[in-house]
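Convention: sequence-line order gives letters A, B, ...; per-chain numbering from 1.
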Number of protein chains: 2
Amino acid sequence: MSRRNTAVTDQVAPPEEECPLPEVLGLIGDKWSAQVLLELGHGPRRFTQLERAVEGISRRMLTLNLRALERNGLVTRTVHPDAPPRVEYAVTPLAEEIREPLEALAAWARRNRAALSAARRAYDRRG
Amino acid sequence: MSRRNTAVTDQVAPPEEECPLPEVLGLIGDKWSAQVLLELGHGPRRFTQLERAVEGISRRMLTLNLRALERNGLVTRTVHPDAPPRVEYAVTPLAEEIREPLEALAAWARRNRAALSAARRAYDRRG
DNA sequence: CGGGATCCGCCCGGATACTG
DNA sequence: CAGTATCCGGGCGGATCCCG
C-alpha cells in the first residue's frame, strides 16, 4: 500500500445527515487517541515523549493514532532537520476545542469512579 | 455461560491510579453506547424503540450495550408485568451528568464537520 | 530517534435461528 | 415483544524485525 496500514486511519464521515456522535467517536473513541490528544494538550511533544507518557501504547499504535489525528487536522507534525531526527507533534486550534468536553468526560470519570465500581459490584452480586 | 456474552459488558476499571479517560471510553467509547445513552436522554424508551432509534444497531448489540450500561449504573431496566412483555429503559442521575460533555462532543462534531472532511481531503491529496 | 512492513491471534460484532 | 444461542468472518492491535 502507498500509505495507511490497518485501521484507525481510514475513518471517513458518511455523507448522510445524521447523529454526529459516531464521527467524533471514530476520531477519539478508540483506546489511545484521546489520551494522546490530552497529553499533547499540555504542550508539544516528541514521539518518544508521547510513547512514555501514554503508557501501554505500542510504537505501532502511537504512529497510527498520530497519523489519523494529523489526517483529521487535529494534530500537526513538524520534522526538525537535526541529527538525530527530531519530530514534534502539537495540537491544532481545532483540537483545542475538543479538549474541553474531553476533559469534562475525564473529570466525570474521576468524580464517579467509586459510584461506578459500586454499581458494578452490586450488579454482579445480584447476578 | 451464566451471563454476559462477548465483550463490552466486561469493562472493569483497573485499580491503578491513572488517567480516567480509558475508563470512560470503556463505558461509552464503543460504536453504540453513547448513542443509546443520548436517545435515552430524551426520555424512557422500550427495547424496540431503541432498536429503531439508534438505526443500524443489531438486536444483539443493543442488548449487550444496555446490559453494560445497566451494570455500570448508567441505565435502569424495569420490566412491566404485561402481555405482551414490556421493558423500559431509562437513564440514571449518574448518566445525566455525562450527557452534557457527550452533547458537547456531538456539537463540536457538527460545527467542524466541514473542517474535518476538508482536512482529510487535503491530507489525502498531499499523499 | 522515529518510524515502516509483516505476521498472526483474538475479540468484536453481524447474521441467523430459536424462545418465553 | 424482548430477548438468547451459535456460528463465523474480518479487523484490531501486539510482537517482531528492519531501516534512514
Side-chain angles (χ1 to χ4, degrees), chain A residues 1-12 22 25-33 35-36 40 44-71 75-90 127, chain B residues 1-12 22 25-33 35-36 40 44-71 75-90 127:
Chain A
M1 69 198 61
S2 62
R3 203 170 241 270
R4 69 185 46 172
N5 195 332
T6 322
V8 60
T9 314
D10 296 351
Q11 311 295 349
V12 175
L25 289 176
L27 299 177
I28 50 83
D30 64 286
K31 196 175 180 183
W32 306 108
S33 295
Q35 292 179 74
V36 172
L40 282 179
R45 292 285 188 272
R46 302 179 54 175
F47 186 88
T48 308
Q49 285 183 307
L50 286 172
E51 194 178 354
R52 281 186 299 242
V54 174
E55 174 143 22
I57 194 171
S58 65
R59 200 178 265 99
R60 168 185 153 83
M61 287 317 292
L62 180 55
T63 301
L64 257 58
N65 283 324
L66 286 171
R67 291 289 174 276
L69 291 171
E70 189 193 356
R71 183 166 109 100
V75 157
T76 61
R77 183 182 113 111
T78 56
V79 182
H80 297 84
D82 300 3
R86 182 180 178 183
V87 181
E88 279 208 341
Y89 293 91
Chain B
M1 68 197 63
S2 62
R3 205 170 239 270
R4 68 186 46 173
N5 195 333
T6 324
V8 61
T9 315
D10 297 351
Q11 312 295 349
V12 175
L25 289 175
L27 298 178
I28 51 83
D30 64 288
K31 195 175 180 183
W32 306 108
S33 295
Q35 292 178 76
V36 172
L40 283 179
R45 293 285 188 274
R46 302 179 53 174
F47 187 87
T48 307
Q49 284 182 307
L50 286 173
E51 194 178 355
R52 280 185 300 241
V54 172
E55 175 140 23
I57 195 171
S58 65
R59 200 177 267 98
R60 167 184 151 84
M61 287 317 293
L62 181 54
T63 301
L64 255 52
N65 284 325
L66 286 172
R67 292 288 176 274
L69 291 172
E70 189 193 358
R71 183 167 109 99
V75 157
T76 60
R77 183 182 112 110
T78 55
V79 182
H80 298 84
D82 301 3
R86 183 180 178 184
V87 181
E88 278 208 342
Y89 294 90

Q) Between B/Thr78 and B/Glu88, is there a donor-acceptor pair closer than 3.5 Å when you use the side chain of the first and the backbone of the second? A) yes

Nearest to the side chain of [X], heavy atoms from C-beta on, is which of [options]?
X       : options               : result
A/Thr48 : C/dG2, D/dG14, D/dG3  : C/dG2
B/Arg67 : C/dG14, D/dG3, D/dG13 : D/dG3
B/Pro84 : D/dA2, D/dG14, D/dC1  : D/dC1
A/Arg60 : C/dG14, D/dG3, D/dA15 : D/dA15

(Q) Any base atoms under 4.0 Å from A/Arg46, or only sugar-phosphate, or nothing? Heavy atoms, all strands. (A)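 If one applies the 4.0 Å heavy-atom cut-off, A/Arg46 turns out to touch the sugar-phosphate alone, with no base involved.
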
Are OP1 or OP2 of [N] and a side-chain N or O of [X] less than 4.0 angstrom apart?
X       : N      : result
B/Tyr89 : D/dG3  : yes
B/Thr63 : D/dG3  : no
B/Arg59 : C/dG13 : no
B/Ser58 : C/dG14 : yes

Q. B/Met61 and B/Leu64: side chain to side chain contact (heavy atoms under 4.5 Å, CB included), yes or no, with the steps?
A. CA-CA 5 Å; B/Met61 287 317 293; B/Leu64 255 52; 4.2 Å; yes

Quick one: [X] [atom1] to [N] [atom2], roughly how many Å, whole number?
X       : N      : atom1 : atom2 : result
B/Ile57 : D/dA2  : CD1   : P     : 14 Å
B/His80 : D/dA2  : NE2   : P     : 11 Å
A/Leu64 : D/dG11 : CG    : P     : 15 Å
A/Leu50 : C/dG2  : CG    : P     : 9 Å

Q) Side chains of A/Val36 and A/Val75: closer than 4.5 Å at any heavy-atom pair? A)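 A/Val36 vs A/Val75: side chains apart.
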
(Q) Both B/Pro85 and A/Gly56 contact DNA chain D. Taking the nearest nucleotide for each, which residue is further toward the 5' end? (A) B/Pro85

